[in-house]
Amino acid sequence: MDATRESTKSNGSQPRRIGILTAGGDAPGMNAAIRAVVRAAALANIEVVGFRRGYEGLIRDLAEPLSGRSVANIVQRGGTFLETSRSDEFRTSAARGLAARNLVRHDIGALIVVGGEGSMIGATIFSGETGVPAFVIPASIDNDIRGTDYSIGFDTAVNTALEAIDRIRDTAFAYERVFCVEVMGRDSGFIAVAVALGGGAEVVIVPEIPHSLDEICNRVEESHRRGKRSSIVVVSEGPRTGGVTPVADALTARLGMPARVVVLGHVQRGGAPSGRDRLLASRMGVGAVQAILDGAPPSLIGEVRGEIVRVALSDVADRRRTLDPALIDLVHQLST
Ligand code: F6P
């Protein structure tokens, strides 16, 4: 991994034009990343072509030139103005062939993909097949992408969920109730753990670690014996945890009072990006353009211990970040 400078500088041969798209689940801060790429590229005299609707737009040639002016007033907006999609079609070599022809038609010498794990796998395969270097800016509220400590959108999603938990806590306390709150994260528990720690939850359930409903009930019951009158249980979504309903049903049966359920869902995906996400997105966007100027191999542009780094796509694609189980213990220790 190489640390990169965060203001762009050309080291010789550079493409005349590059492409950019946002793919997979949208994440707050994607717009800030596009803005940074377009403006940093303009400073280096590189033109940028945006493709709408993710890989689908690359296949169908939904191209539009992006100038410094076309990315004005978006740094503060959630979602992605280029729009996004999850493209099953891009998994086929026929569709990737069409996409490659569109890159050639536009004379595009490098591609920047702003997206999550699935998008990174697509970029790795596409880059290998076409020889057009792809650079991935990690953006996913799930924060499950290998090679970076943080992905764009995670901080905003956690803050949004925490704001909801704080509100739930008010009514939970007033009414002496147990609330089970389901958060997003797909197959990983990074959001759940951050929200449980930051929101002072009694229990957290994540996909990575098997749980027993009996044990969860014991914990909440025990906290009530210690004098607590209200509790928050944070549950990661998805088939591996079973979601929030079985947990609430088990608690209702054990405690003899109804546990309330809140599913935060896509509320966590929207909204203005936090300051941290805007900063991260801006630095990664500039880092991606610098990687292109340096003639770097296809890479993920990550943030590791506060530094912007490049990691070869072949080293990170198809592998998830792993959750530190000590964080689960910390949630439980701090809720005593
Ligand atoms: O990957 C981001 C994410 O928001 C996950 O947390 C969630 O499981 C999934 O996307 C939801 O996908 P969709 O928007 O397609 O329902």
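Keep in mind it's a predicted model, so treat the numbers as computed, not measured. Count residues from 1 along the sequence. Remember, it's 1-based here, ligands and their atoms both numbered in the order they're listed.
A salt bridge links E56 with R53: at least one charged nitrogen is closer than 4.0 Å to a carboxylate oxygen.
Relative orientation of the H106 and F51 rings is perpendicular, given thresholds of 30° and 60° on the angle between their planes.
Two residues are said to be in side-chain contact when any heavy atoms from C-beta on lie closer than 4.5 Å; F173 and R229 fail this criterion.
For the pair S230 and A172, the tightest heavy-atom approach, listed with the atom from each and the gap, is CB-O, 3.3 Å.
The contact shell of ligand 1, taken as protein residues with any non-hydrogen atom closer than 4.0 angstrom, comprises R86, I141, D142, M184, G185, R186, E237, H266, R269.
Distance check, rounded to the nearest 0.5 Å: CZ of R240 to CZ of R186 gives 11.5 Å.
Shown here are the side-chain hydrogen bond (donor to acceptor under 3.5 Å, both in side chains) partners of H211, two or more places apart in sequence or in another chain: there are none.
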